[in-house]
Amino acid sequence: MAERITPRAESYSDWYVDVVLGAELADYSPVKGTMVIRPRGYAIWERMQSALDSMFKETGHQNAYFPLLIPESFLKKEAEHVEGFAPECAVVTHGGGEELEEPLVIRPTSETIIWSMYKKWIQSYRDLPLLINQWANVLRWEKRTRLFLRTTEFLWQEGHTAHATAEEAQEETLRMLDVYRRFAEEYMAVPVLTGVKTEAEKFAGAINTYAIEAMMQDRRALQAGTSHFLGQNFAKAFDVTFQTAAGELDYVWATSWGVSTRLVGALIMAHSDDKGLVIPPRLAPTEVAIVPIFKNQTKAEVLAYADTLHQELKKQFRVVLDSDENNSPGWKFSQWEMYGVPIRIECGPKDMQSNQVVLVRRDTGEKEAVAVSAAPQRIGELLQDIQKALFDRALAFREANTRDIESYDELVAFFEADGGFARAAWSGSPEAEARIKTETKATIRVLPFGNEQEAEGKRCVVTGEPARHMAVFAKSY
RNA sequence: CGGGCUGUAGCGCAGUGGUUUAGCGUACCGGUCUGGGGGACCGGGGGUCGGCGGUUCAAAUCCGCCCAGCCCGACCA
């Protein structure tokens with residue numbers, strides 16, 4: 001055992017770190033809370049970017065880039081916003097060997113600098129909607145960091161849109177939330193809950209924050225993406241007005257939405273196992289790894305056999321041939337499992353004689369022999385099967401660990417035991433929410449769409465008052 | 001930012017005041033054999049003990065500060 005992975009049952013957080021390091025996704029870098037995203041990790045992020053970027057373009061957005069440095073005064077223009085972000089901002093005070101007249105904040109998010117520019121670009125309703133996205137790095141001085149899940153610097157995309165009406169902006173907010181939901185489910189194979197955040201959990205400066213919320217294998221919730229309806233808060237702070245079709249002057253309506261490299265963490269925690277990483281095929285940088293098995297006498301012909309197969313499969317799949325002669329096949333099997341490649345192909349003398357190969361799926365470990373001629377089609381099917389199986393398994397896990405809770409005692413007991421998602425009636429009072437957080441460590445992750453109707457006739461699990469919401473409680477990352 | 005644990009070769013560890021050049025496993029390099037689930041043997045290279053400062057005749061070992069990682073807490077889109 002060269003690289004032992006701590007089993008999940010022994011220590012989930014050690015397991016997570018072992019998988020990240022073992023699969024060579026990332027490594028710690030010298031500054032506290034920062035990490036290097038290594039090629040195997042970055043390749044996953046690139047595939048995420050590519051899929052999301054297409055979805056953004058399909059919904060009418062364009063990419064742009066705004067600067068890293070923001071005048072400190074900008075951040076202070078929106079009261080809630082500054083209150084929310086000031087504590088976690090890094091500030092540049094010196095440049096060129098001199099103290100700056102005005103300190104510059106390294107962006108924790110870009111609303112302020114973007115809206116300062118939107119003021120210049122928007123005059124009339126004909127300039128709207130303005131639909132811009134940027135891919136960027138941001139910096140938040142986090143006290144407690146974890147690889148991919150919460151780091152001081154991280155990569156993300158942030159969409160910032162401007163609209164003529166509240167309705168349009170609301171529509172946009174929900175449209176992008178749905179883009180995130182589709183991405184999570186169809187590409188990441190991670191089922192997510194969607195809904196609105198409570199006042200306590202929303203974005204600093206937003207009217208409403210919507211989120212996709214996923215369950216990890218330790219039953220904790222991970223917020224995987226957010227979409228904010230910003231109302232006219234930033235338009236007012238930056239005085240962004242436009243002339244309506246009717247000739248009136250009005251403030252612009254805004255949204256912002258983002259997902260980050262945290263998604264890589266979500267991917268890892270949703271699917272991986274004690275052998276290492278498991279990547280859903282659609283996001284796997286390598287879909288197939290071919291491991292030839294040979295003896296000295298058979299080396300040449302087996303390698304030729306494997307190479308022919310490699311050339312053929314390359315036309316359709318992202319495939320690598322592991323022709324290294326120093327490591328044993330068994331070692332390679334474990335290695336490719338650690339890396340999370342969805343399908344491994346074993347081919348040796350026996351296979352060669354019967355003109356077949358052995359396919360091994362990463363998610364279940366099942367092996368099957370298939371004729372070489374049938375391999376491409378079978379691999380295509382298997383990749384789809386794996387994609388679906390991962391989603392189904394994650395969904396079943398979430399269902400199995402979601403409980404309808406009727407009483408406060410039951411809620412406390414639930415989170416003292418294994419925990420998971422608890423659906424419970426809530427009065428809407430911040431005090432009740434805070435009490436649950438203090439006593440159980442669980443927070444309201446999301447108020448699912450349509451929850452108000454479900455809450456009718458029910459009583460708050462904490463206060464006994466008439467319930468206004470059915471809330472989903474969970475311990476979270 | 002508070003409490004706990006940890007930091008010795010790439011990785012995992014032993015050594016916890018003096019025992020001659022700091023050890024073991026593994027990985028790495030060269031070679032021979034091997035090869036269908038993390039191979040075997042032979043021969044090699046690599047660390048100054050997280051960093052800085054102190055105590056001492058003598059420090060990996062004792063003390064202080066700092067840095068980093070993990071866990072718990074506070075905080076947190």
Side-chain angles (χ1 to χ4, degrees), chain A residues 1-6 11-18 20-22 24 27-35 80-81 83-89 108-109 111 138 140-147 149-152 154 156 158 196-206 208-213 222-228 230 256-260 262 275-276 291-299 302-303 323-338 344-353 356-358 360 365 367 369 437-438 441 443 445-446 476-477:
Chain A
M1 290 298 284
E3 305 196 39
R4 176 178 180 266
I5 297 178
T6 306
S11 165
Y12 192 80
S13 49
D14 285 350
W15 166 80
Y16 176 76
V17 172
D18 288 349
V20 171
L21 299 180
E24 295 164 15
D27 204 352
Y28 295 104
S29 69
V31 176
K32 182 186 171 83
T34 65
M35 67 174 189
E80 262 189 66
H81 193 62
E83 196 183 319
F85 281 109
E88 44 187 291
C89 284
T109 178
E111 272 79 5
V138 288
R140 296 178 186 179
W141 215 261
E142 300 289 352
K143 307 238 164 120
R144 191 168 169 184
T145 57
R146 301 177 55 119
L147 296 168
L149 299 175
R150 176 172 284 112
T151 47
T152 296
F154 56 94
W156 77 344
E158 46 181 326
V196 67
K197 289 282 182 177
T198 64
E199 277 297 302
E201 300 283 331
K202 75 171 192 186
F203 173 71
N208 272 319
T209 289
Y210 299 86
I212 56 170
E213 207 67 42
L222 183 78
Q223 178 175 296
T226 49
S227 184
H228 315 289
L230 301 174
S256 70
W257 28 273
V259 294
S260 71
R262 173 180 255 202
K275 291 179 181 174
V291 178
I293 295 152
F294 49 77
K295 303 177 191 293
N296 265 338
Q297 307 89 306
T298 55
K299 187 187 292 182
V302 169
L303 281 177
S323 53
D324 182 288
E325 296 184 17
N326 294 310
N327 291 123
S328 69
W331 191 89
K332 292 177 184 178
F333 296 166
S334 299
Q335 197 62 31
W336 289 109
E337 281 164 358
M338 174 84 86
R344 177 176 76 244
I345 298 182
E346 305 177 5
C347 63
K350 295 178 212 160
D351 303 300
M352 206 166 64
Q353 275 167 17
Q356 64 172 36
V357 292
V358 174
V360 187
K367 297 188 177 192
K437 184 176 179 181
T438 306
K441 311 275 185 262
T443 51
R445 299 321 302 158
V446 78
S476 73
Y477 278 94

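All chains are named by letter (A, B, ...) in the order of the sequence lines, taking the proteins before the strands, and each is independently numbered beginning at 1. Reckoned from all heavy atoms, side chains included, excluding hydrogens, waters and symmetry mates.
- Rounded to whole Å, the separation between the C1' atoms of B:U19 and B:U55 comes to 23 Å.
- Across every strand in view, B:C62 sits in a pair with B:G54 that passes the Watson-Crick or G-U test at under 3.5 angstrom.
- Base pairing annotation: B:C24 forms a Watson-Crick or G-U wobble pair with B:G12, both donor-acceptor distances under 3.5 Å.
- A donor N or O paired with an acceptor N or O is not found under 3.5 Å between the base of B:G37 and the side-chain atoms of A:Q335.
- Within the nucleic acid shown, A:K350 comes within 4.0 Å of at least one base atom, counting heavy atoms only.
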Contact list (N/O, under 3.5 angstrom) for nucleotides 73-75 of chain B vs protein:
residue	atom	partner	partner atom	Å
B:G73	N7	A:R144	NH1	3.4

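- Put simply, A:S328 has no side-chain N or O that comes within less than 4.0 Å of OP1 or OP2 on B:G35.
- At the heavy-atom level, A:V358 lies under 4.0 Å from base atoms of the strands shown.
- By the ring-ring contact (aromatic ring centres under 6.0 Å, His included) test, A:W257 pairs with A:F56, A:H61, sequence neighbours left out.
- Within the nucleic acid shown, A:T226 comes within 4.0 Å of at least one base atom, counting heavy atoms only.
- Residues meeting the ring-ring contact (aromatic ring centres under 6.0 Å, His included) test with A:Y16, sequence neighbours left out: none.
- Rounded to whole Å, the P atom of B:A60 lies 10 Å from the corresponding atom of B:G50.
- Note on A:W156: a base of the nucleic acid sits closer than 4.0 angstrom, heavy atoms only.
- In this model, the phosphate group of B:G37 is not approached by any side-chain N or O of A:S334 to a distance below 4.0 Å at OP1 or OP2.
- Under the Watson-Crick or G-U wobble criterion, with both distances below 3.5 Å, B:A40 is paired with B:U32.
- Applying the side chain to side chain contact (heavy atoms under 4.5 Å, CB included) test to A:I293 and every residue at least two apart in sequence or in another chain returns A:P329, A:F333, A:E346.
- If you check B:C76, B:C70, B:G35 against the side chain of A:S13, the one that comes closest is B:C70.
- Atom CD1 in A:I5 sits roughly 14 Å away from atom C1' in B:C11 (whole-Å rounding).
- Checked by distance alone, A:E325 brings no side-chain donor or acceptor within 3.5 Å of a matching partner on the base of B:G35.
- Considering every non-hydrogen atom in both A:C347 and A:V302, the closest pair reads O-CG1, 3.7 Å.
- Here B:G35 presents its P atom at 12 Å from CD1 of A:I293, a figure rounded to the nearest Å.
- The gap from the C1' atom of B:U56 to that of B:G64 amounts to 16 Å, rounded to the nearest Å.
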>> Treating primed atoms plus P, OP1 and OP2 as sugar-phosphate and everything else as base, which nucleotides of nucleotides 64-69 of chain B get B, S or - for protein heavy atoms under 4.0 Å?
In response: ----SS
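- Base-pair partner of B:A68: B:U6 (Watson-Crick or G-U wobble, both distances under 3.5 Å).
- Checking B:G47 for Watson-Crick or G-U wobble geometry (two distances, each under 3.5 Å) identifies no partner in any strand.
- For A:Y28, the side chain to side chain contact (heavy atoms under 4.5 Å, CB included) partners at least two apart in sequence or on another chain are A:V17, A:L21, A:L147.
- Nucleic acid contact for A:P349: base, since at least one base atom lies under 4.0 Å from a heavy atom of the residue.
- Residues passing the salt bridge (charged side-chain N to carboxylate O under 4.0 Å, His left out) test with A:E199 are A:K202, sequence neighbours excluded.
- Rounded to whole Å, atom P of B:U34 lies 6 Å from atom CD of A:Q297.
- Annotation: side chain to side chain contact (heavy atoms under 4.5 Å, CB included) contacts of A:V196 (sequence neighbours excluded): A:N208, A:Y210, A:L447.
- Applying the Watson-Crick and G-U wobble criteria (two distances, each under 3.5 Å), B:C76 pairs with nothing in any strand.
- A:E213 comes within 4.0 angstrom of nothing in the nucleic acid, heavy atoms only.
- When heavy atoms are screened at a 4.0 angstrom cut-off, A:T298 is found touching no nucleic acid atom at all.
- Note: NZ (A:K332) to P (B:A27) measures 16 Å, nearest angstrom.
- Shown here are the side chain to side chain contact (heavy atoms under 4.5 Å, CB included) partners of A:Q353, two or more places apart in sequence or in another chain: there are none.
- Residues A:G258 and A:P329 each lie close to RNA chain B; by heavy-atom proximity, the contact nearer the 5' end of the strand is made by A:P329.
- No hydrogens or angles were tested; on distance alone, a donor-acceptor pair under 3.5 Å links the side chain of A:D351 to the base of B:G36.
- More than 12 heavy atoms of other residues, nucleotides or ligands lie within 6.0 Å of CD in A:E80, so this atom counts as buried by the packing criterion.
- Atom CD of A:E24 is separated from atom P of B:G10 by 16 Å (rounded to the nearest Å).
- Two residues, A:R146 and A:V138, neighbour RNA chain B, and the one matched to the more 5' nucleotide by heavy-atom proximity is A:R146.
- For the P atom pair drawn from B:A14 and B:G7, the interatomic distance equals 8 Å after rounding to whole Å.
- Computed from coordinates, the A:N326 CG to B:G38 C1' distance equals 15 Å when rounded to whole Å.
- The gap from the P atom of B:C24 to that of B:G38 amounts to 27 Å, rounded to the nearest Å.
- Minimum atom distance to the side chain of A:W331 is reached by B:G38, of the listed B:G37, B:G38, B:C76.
- Enclosure of atom CH2 in A:W156 by more than 12 non-hydrogen atoms of other residues, nucleotides or ligands within 6.0 angstrom is indicated.
- Heavy atoms only, all atoms of each residue included: A:L303 and A:P292 are closest at CD2-CG, 3.9 Å.
- Using modelled atom types, no side-chain atom of A:K275 and backbone atom of A:M338 make a donor-acceptor pair closer than 3.5 Å.
- As rounded to the nearest Å, B:C11 and B:U21 have P atoms that lie 27 Å from one another.
- Taking the P atoms as reference points, B:U32 lies 24 Å from B:G25, given to the whole Å.
- Put simply, the side chain of A:K367 and the base of B:G37 share a donor and an acceptor less than 3.5 Å apart.
- Between the CD atom of A:Q356 and the P atom of B:G36 there is a distance of 17 Å, given to the nearest Å.
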>> Between A:T34 and A:S29, does the side chain to side chain donor-acceptor pair (under 3.5 Å) criterion hold? Intermediate values first, please.
In response: CA-CA 6 Å; A:T34 65; A:S29 69; 2.5 Å; yes
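- Taking atom CG of residue A:N296 and atom P of nucleotide B:G36, one finds them 13 Å apart after rounding to whole Å.
- Here the separation of B:G23 from B:C49, taken at their C1' atoms, is 12 Å to the nearest Å.
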